[in-house]
Amino acid sequence: MTVESVRPKDANATEEPPVAGGAVPFLGHGWRLARDPLAFLSQLRDHGDVVRLKLGPKTVYAVTTPALTGEVALSPDYIIAGPLWESLESLLGKEGVATANGKLHRRQRRTIQPAFRLDAIPAYGPIMAEEAYELVDRWRAADGVLDITYESFRAAVRVAARCLMRGGYMDAHADRICADLTTLFAGMYQRMVVPLGPLYKVPLPANREFNRALADLHVLVDEIVADRRASGQKPNDLLTALLEAKDDNGDPIGEQEIHDQVIAILTPGAETVGSTIMSLLLVLTEHPELGDKIRDEVKSVVGDRHVAFDDVRKLTYTANVVTETLRLYPAVWILTRRAVADTELGGYRIPKGADLIYSPYAVQRDRRSYERNEDFDPDRWLPGRSKDVPKYAMSPFSVGNRKCPSDHFSMAELTLITAVVAHAYGFEHASESDPRPRIGITLRPRRLMLRARPR
Ligand code: HEM
């Protein structure tokens, strides 16, 4: 059965969704999910619009059609919870915008939203452009093989922190933040797919390393907040908004909430953008003709001067390359929710407390939604063609009240960086490069080692 439109709820739905095929005794579907999650999630729609998965003793409901993933994201019956968010809680805390629910979440979104509004973004333009050209200069100076994981994450951390927290402290802190986040995100993914609870408290080297990185990140964030307070400055940025935020009684929000908020904004920002810059550089390496076209577009729109933020809206081909990269390599490839009421989805009963998962990766590569679904084709985002894409079949930033606040910010940043680096360089894999997907909390190439050839 395939459902392509959101339909009224049937409160009396009694039918359980089918169990997906391929479960084995004891482990259920867990072994297939752990072994090859992208392939496993991508074939689930063949089993139904909503299917039950057995992960060890646990049942999880997988949602497979664009329409129903949209319905989940938009419905108040499902909140931020479930395996992904539980694994993230050790990092993000419980009082930050990414993990809070209900009233607290609404208030926090109101605090952070102005920093991400469309009219706030041009002010970040000069920083984004500066960081893009810094990459070009660094790569020229490097004159050898580039470790693109490091380069991408460094750029992502610097842009987020410099734009949103106006930190001059960033040179000293960016490297530490990157190193800590790499350790933490790897550890959290393991905790999500292999939820061994107390075993992660045993002082094994990997656990000690995870705890050290977590402690260091918390110290860093406290330093960022303390530096700002000590400076006595109140620039018009996100950090000032957080420091001045009031709770529902009009009292200043607590220190813990400020701390959790900084982490909850910096870490998803760095991880997702870093992963996407890596994917973009992989795409430019494997499809050099895209780089040529971007260069032509930059030449015709910008001429010989530097690309500036104001050019971004005219760089439509470049933006379509970014969009197509987000379709095929969505950094956020899996999402989870929890039902807070007995409810219905696609005609099936979903019990209160059920954990749901869905995969933007699977939805955005589905042959039922996209012709030549596996092909990299930026022109599918031309106005005449993009209208054929089913609703919610392209939601790399999600929809509804948990939609990424940074969608415009990120698109501007990624388009600018892509234009600047593709104009300056073509890319080739070095022998140690391993472009296979690395599946963690985010999706990105495993180890990208590239040579940048000046054009
Ligand atoms: C390529 C870039 C990015 C992608 C693909 C992305 C994707 C997403 C997605 C899919 C969600 C929704 C999660 C859910 O529905 O459960 C989300 C939430 C969020 N993102 Fe992003 N994101 C990106 C960049 C950023 C940046 C740069 C920042 C901040 C600097 C950021 C901050 C956040 C925050 C704070 C949330 C939680 C919002 C809430 O729960 O209300 N993201 N992001």
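Read the numbers this way: they start at 1 and go in the same order the structure lists the ligands and their atoms.
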Heavy-atom proximity to [atom], best of [options]:
{"atom": "atom 14 (C) of ligand 1", "options": "Gln108, Glu413, Arg337", "answer": "Arg337"}
{"atom": "atom 38 (C) of ligand 1", "options": "Glu271, Met165, Arg109, His105", "answer": "Arg109"}
{"atom": "atom 10 (C) of ligand 1", "options": "Pro405, Pro330, Pro396", "answer": "Pro396"}
{"atom": "atom 32 (C) of ligand 1", "options": "Pro268, Ala161, Gly274, Ala100", "answer": "Pro268"}
{"atom": "atom 42 (N) of ligand 1", "options": "Ala264, Ser410, Ala160, Cys404", "answer": "Cys404"}

I'd like to check whether Thr276 has a polar contact with ligand 1, where a contact means an N/O of the residue lying under 3.5 Å from an N/O of the ligand. no
So with a 6.0 Å cut-off around NZ of Lys246, is the heavy-atom count from everything else above 12? yes
Taking CZ in Arg385 as the centre, count heavy atoms belonging to other residues, nucleotides or ligands within less than 6.0 Å. Is the count above 12? yes
Please lay out, stage by stage, how Arg154 and Arg138 fare under the test side chain to side chain contact (heavy atoms under 4.5 Å, CB included). CA-CA 12 Å; Arg154 180 177 180 278; Arg138 277 170 68 79; 3.4 Å; yes
Between side-chain atoms of residues 281-288 and protein atoms elsewhere (two or more places apart, or another chain), which donor-acceptor pairs fall under 3.5 Å?
residue, atom, partner, partner atom, Å
Thr285, OG1, Leu281, O, 2.6
Glu286, OE2, His429, NE2, 3.2

Between Asp342 and Lys352, does a salt bridge (Lys or Arg N to Asp or Glu O under 4.0 Å) hold up when you go through it step by step? CA-CA 4 Å; Asp342 286 329; Lys352 181 176 172 176; over 6 Å; no
Residues forming a side chain to side chain contact (heavy atoms under 4.5 Å, CB included) with Glu223, sequence neighbours excluded: His173, Arg176, Val219, Leu220
Per-atom contacts, ligand 1 versus Ile80 - under 4.0 Å to a heavy atom: 16 (O)
